[in-house]
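Notes follow once the structure below has been shown.
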Amino acid sequence: VNLNQENEKFLELFHKNCEYNPQYICEVNNKIDKIYNKIAEMTFADSIIGRIYSSYKDYILNSIKLMNSINNVESFTSKSISLFGKPDKDLINKAFKILKDDRTAIVDTCSFDANFLYDTFIKELEKYRFKWKVELIDTMSSKVAVDAVNKTIYINACVKFSETDIKRLLVHEIGTHVVRAENGSQQPYLIFENGFPNSIETEEGLATYNESKANLLDIRT
C-alpha cells in the first residue's frame, strides 16, 4: 500500500549513493486461509485432464504459501525459488553482459501518460471486438498487468511511457496475453482461458517472440 512512496525513497537515496531496503506494507487478505483450505480439499479424477487440474491446484496452493510469507524475507525467497525456479550462473552472466554492452543506448523519452495508454488500449480492444475493461491503478509493481479471469487490463497510473513502450505493450499485452485468453475461452475446458500450471513462462516467451517479429524487442525496455 506504500509502494510508490518507498520506491521514490529508494531511488532518491540510491542517487545519493546510499543503501536503503524498502519497507513495504502489504494488505492482509483475511479470506486467504479459507481459500487455501477450500482448494486443498479438491480432488480430481485420474485422467489427463484430472492430472492437469491437480498440478494447477498445487501451483495455486504454493502461490498462496508465497503470499502468506510476504513479510518474511528468507521464507519468501525460498518459496519463490520453489515456485518459479532460479536462474543459473551462465544465464545471470549473460544478462549482465547484455546490459553492460547496451549502457550507451539512447532511451526514448517517456512523454505519454497512463491516460494516453488507456485510450490506446481501448481502441485496440475495439478493433479486435473484445469486451475487456481497462483500469488505472495507483499502486502496482508492474507497468501493465492482464487479468484473464476478469477480462481486465490494469495500467500503472503513476508511470509514463515512450512511443516504443506504447507499440510494444500493444503487441505484448493485447496481441499476446489478451488474444491467448480469448482463444482459450473458446475451448471446451476453461483452464485454457485461465492458463495451465507454469504456462506463464511459455506465454511470456511467446510475447517476447511477437515483440521480435514486430521489430520492437529492445533491451532498453
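All figures in this text were calculated on a predicted structure; none of them were measured in a lab. Computed over heavy atoms, backbone and side chain alike; hydrogens, waters and symmetry mates excluded.
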To check you understand the geometry: which heavy-atom pair defines the closest contact between [X] and [Y], and what is its length?
| X | Y | result |
| --- | --- | --- |
| M42 | K57 | O-NZ, 2.7 Å |
| L190 | Y53 | N-OH, 4.3 Å |
| F112 | S162 | CD1-C, 4.0 Å |
| C26 | I70 | SG-CD1, 3.7 Å |
| A214 | V171 | CB-CG2, 4.2 Å |
| A114 | F161 | CA-CE1, 3.9 Å |

Does one side chain, of D147 or T152, offer a donor that lies under 3.5 Å from an acceptor on the other?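 Absent: no donor and acceptor within the cut-off.
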
Between N7 and Y24, do the side chains contain a donor N or O and an acceptor N or O under 3.5 Å apart?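 A donor-acceptor contact under 3.5 Å links the two side chains.
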
How about [X] and [Y]: do any of their side-chain heavy atoms sit closer than 4.5 Å?
| X | Y | result |
| --- | --- | --- |
| L117 | L169 | yes |
| N62 | S82 | no |
| E193 | K151 | yes |
| V146 | T176 | no |
| Y154 | V144 | no |
| L136 | Y118 | yes |
| F121 | L170 | yes |
| E19 | L13 | no |

Within the side chain of [X], is there an N or O that forms a donor-acceptor pair under 3.5 Å with the backbone of [Y]?
| X | Y | result |
| --- | --- | --- |
| S78 | S75 | yes |
| N2 | Q5 | no |
| S54 | G50 | no |
| N210 | H172 | no |
| S80 | F76 | no |
| D113 | K160 | no |

To the nearest 0.5 Å, tell me how far [X] [atom1] sits from [Y] [atom2].
| X | Y | atom1 | atom2 | answer |
| --- | --- | --- | --- | --- |
| K213 | L206 | NZ | CG | 9.5 Å |
| R180 | T202 | CZ | OG1 | 10.5 Å |
| I191 | F196 | CD1 | CZ | 5.0 Å |
| N150 | W132 | CG | CH2 | 9.5 Å |
| S63 | N68 | OG | CG | 11.0 Å |
| E173 | L125 | CD | CG | 11.5 Å |

Can you confirm whether [X] is buried at [atom1], in the sense that more than 12 heavy atoms of other residues, nucleotides or ligands lie under 6.0 Å from that atom?
| X | atom1 | answer |
| --- | --- | --- |
| Y209 | OH | no |
| L91 | CG | yes |
| E204 | CD | yes |
| Q23 | CD | yes |
| Q187 | CD | yes |
| F44 | CZ | yes |

Dump the intermediate steps for side chain to side chain donor-acceptor pair (under 3.5 Å) on S69 and N72, then the final yes or no. CA-CA 5 Å; S69 64; N72 185 321; over 6 Å; no

When you group the ILVMFWY residues by side-chain heavy-atom contacts below 4.5 Å and let the links chain together, are [Y] and [X] in the same group?
| X | Y | value |
| --- | --- | --- |
| V1 | I32 | no |
| V134 | F116 | yes |
| Y36 | L83 | yes |
| V159 | I155 | yes |
| V179 | F192 | no |

After noting the C-alpha distance and the side-chain angles of I153 and V178, does the key distance pass the side-chain contact (heavy atoms from CB on, under 4.5 Å) rule? CA-CA 9 Å; I153 303 175; V178 173; 3.9 Å; yes

Just one of L61, I64, I60 clears the side-chain contact (heavy atoms from CB on, under 4.5 Å) bar with I35, so which one?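 The single option meeting the side-chain contact (heavy atoms from CB on, under 4.5 Å) with I35 is I64.
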
Pair E12 + K9: basic N to acidic O under 4.0 Å: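 Here E12 does not pair with K9 in a salt bridge, since their nearest N and O are not under 4.0 Å apart.
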
Contacts of type ring pair (Phe, Tyr, Trp, His ring centres under 6.0 Å), residue Y128, not counting sequence neighbours: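 Partners of Y128 under the ring pair (Phe, Tyr, Trp, His ring centres under 6.0 Å) test: F130.
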
Tell me the salt bridge (Lys or Arg N to Asp or Glu O under 4.0 Å) pairs involving residues 24-34, sequence neighbours left out?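 Listed by first then second residue: nothing to list.
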
